[in-house]
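Below is one structure, written out as structure tokens; the observations come after it.
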Number of protein chains: 2
Amino acid sequence: MNEVFKALNDPARREILKLLRKRDMTAGEIAAKFDMAAPSVSHHLDKLKQAGLVTTVKEGQYITYSINTTVLDDVLQFILTLKK
Amino acid sequence: MNEVFKALNDPARREILKLLRKRDMTAGEIAAKFDMAAPSVSHHLDKLKQAGLVTTVKEGQYITYSINTTVLDDVLQFILTLKK
DNA sequence: TATATATTTAGACAAATGTCTAAATACTAT
DNA sequence: ATAGTATTTAGACATTTGTCTAAATATATA
């Protein structure tokens with residue numbers, strides 16, 4: 001869960017997750033949405049992947065990123081418990 | 001919301017919130033629960049306060065901390081939206 | 001094979017973060 | 001007043017984080 005909180009603790013990464021909620025995207029498509037060098041975005045994608053928040057599929061020279069929300073369950077539980 | 005995510009991005013601070021869910025506590029009572037110098041705990045309490053996750057009441061020489069979960073609503077909304 | 005495109009990896013660097021000790025502040029009680 | 005307790009503030013320091021440029025890797029295409 002710590003890894004997930006860490007991944008969520010950055011505006012760019014949260015924005016990436018919002019984008020991926022709508023549709024899968026390649027690394028390049030994601031990078032194009034940000035005013036940031038491609039390696040920086042790649043680094044954020046890596047953090048999200050380490051946390052399990054995204055999965056990847058390589059298709060030729062492209063890498064397509066998809067969101068995975070199951071790892072959010074613990075975080076959700078934590079927050080809901082605090083609110084109870 | 002960024003401030004809240006930042007505040008949640010630390011195991012000690014999340015633990016403090018869990019403690020305060022059960023009952024209000026003074027800074028000293030909270031500090032006693034951690035294997036960490038008092039000023040470090042104080043610093044974490046400050047971060048939580050800045051994020052609006054706790055409120056304080058000074059009672060004599062003690063400062064009692066209480067949890068405030070309303071600022072978690074945006075975070076909750078964010079996560080639930082991702083899961084939809 | 002050579003070149004272009006997509007993406008990551010490596011490495012540098014500044015800024016933010018978490019911890020500590022020492023000192024300051026505020027209140028209590030002798 | 002003085003001493004003790006509760007808590008924070010100040011400042012130092014190491015670690016982590018986010019960004020960048022340059023280079024490496026992998027694939028596609030002429």
Side-chain angles (χ1 to χ4, degrees), chain A residues 1-20 22-68 71 75 78, chain B residues 1-20 22-68 71 75 78:
Chain A
M1 183 160 61
N2 195 32
E3 206 73 13
V4 178
F5 270 114
K6 258 197 267 191
L8 292 177
N9 187 35
D10 182 279
R13 290 195 288 267
R14 292 196 297 272
E15 194 57 40
I16 290 171
L17 292 175
K18 278 193 202 170
L19 289 171
L20 292 180
K22 294 189 244 166
R23 65 177 178 84
D24 294 351
M25 294 172 83
T26 67
E29 286 175 322
I30 295 167
K33 295 283 188 180
F34 293 87
D35 187 21
M36 191 186 292
S40 302
V41 175
S42 182
H43 161 257
H44 286 308
L45 289 170
D46 187 51
K47 288 272 184 132
L48 289 170
K49 193 172 179 182
Q50 278 175 226
L53 281 163
V54 300
T55 57
T56 58
V57 172
K58 184 157 193 177
E59 294 166 324
Q61 66 192 128
Y62 299 91
I63 297 177
T64 296
Y65 282 80
S66 311
I67 194 172
N68 171 247
V71 295
V75 170
F78 172 80
Chain B
M1 180 161 63
N2 196 31
E3 208 73 13
V4 178
F5 270 114
K6 258 196 268 192
L8 293 176
N9 189 34
D10 182 279
R13 290 195 290 267
R14 293 196 296 272
E15 195 55 42
I16 290 172
L17 292 175
K18 277 193 203 170
L19 289 171
L20 293 178
K22 293 190 244 167
R23 65 177 178 84
D24 294 351
M25 294 174 83
T26 67
E29 286 175 321
I30 295 167
K33 295 282 187 179
F34 293 88
D35 186 21
M36 192 187 293
S40 301
V41 176
S42 182
H43 162 256
H44 286 308
L45 289 170
D46 187 51
K47 288 272 183 131
L48 289 170
K49 193 172 180 183
Q50 278 176 228
L53 280 162
V54 302
T55 59
T56 58
V57 172
K58 185 155 191 176
E59 294 167 324
Q61 64 191 0
Y62 299 91
I63 298 178
T64 296
Y65 281 80
S66 310
I67 193 171
N68 170 248
V71 296
V75 170
F78 173 81

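What you see is a predicted model; the values in this text were computed from it and never measured. Each chain gets a letter, A, B and so on, in the order the sequences are listed, and its residues count up from 1.
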Side chains of [X] and [Y]: donor-acceptor distance under 3.5 Å anywhere?
X: Asp24(A); Y: Ser66(A); answer: yes
X: Arg14(B); Y: Asn9(B); answer: no
X: Thr55(B); Y: Asn68(B); answer: no

OP1 or OP2 of [N] sitting under 4.0 Å from any side-chain N/O of [X]?
X: Thr26(A); N: dT7(C); value: yes
X: His44(A); N: dT19(D); value: yes
X: Lys47(A); N: dG18(D); value: yes
X: Ser42(B); N: dT8(D); value: yes
X: Tyr65(B); N: dA6(D); value: no

Per [X] side chain, nearest of listed nucleotides [options]:
X: Lys58(B); options: dT9(C), dG18(D), dA26(C); answer: dA26(C)
X: Ala27(B); options: dT19(D), dT8(D), dG18(C); answer: dT8(D)
X: Ala37(B); options: dG18(C), dC20(C), dT7(C); answer: dC20(C)

Under 4.0 Å, heavy atoms only, any strand: does Asp46(B) hit a base, just the sugar-phosphate, or nothing?
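No contact.
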
Here's a test of your reading of the structure: between Lys6(A) and Leu45(B), which maps to the more 5' nucleotide of DNA chain D?
Leu45(B)

Please compare Ile63(B) and Ala38(A) by the position of their nearest nucleotide in DNA chain D and report the one closer to 5'.
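Its nearest nucleotide lies further toward 5', so the answer is Ile63(B).
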
Without decimals, in angstroms, what is the distance between Ile16(A) CD1 and dT7(C) P?
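My rounded result for the distance is 13 Å.
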
Side-chain donor/acceptor of Gln61(A) to base of dT5(C), under 3.5 Å
yes

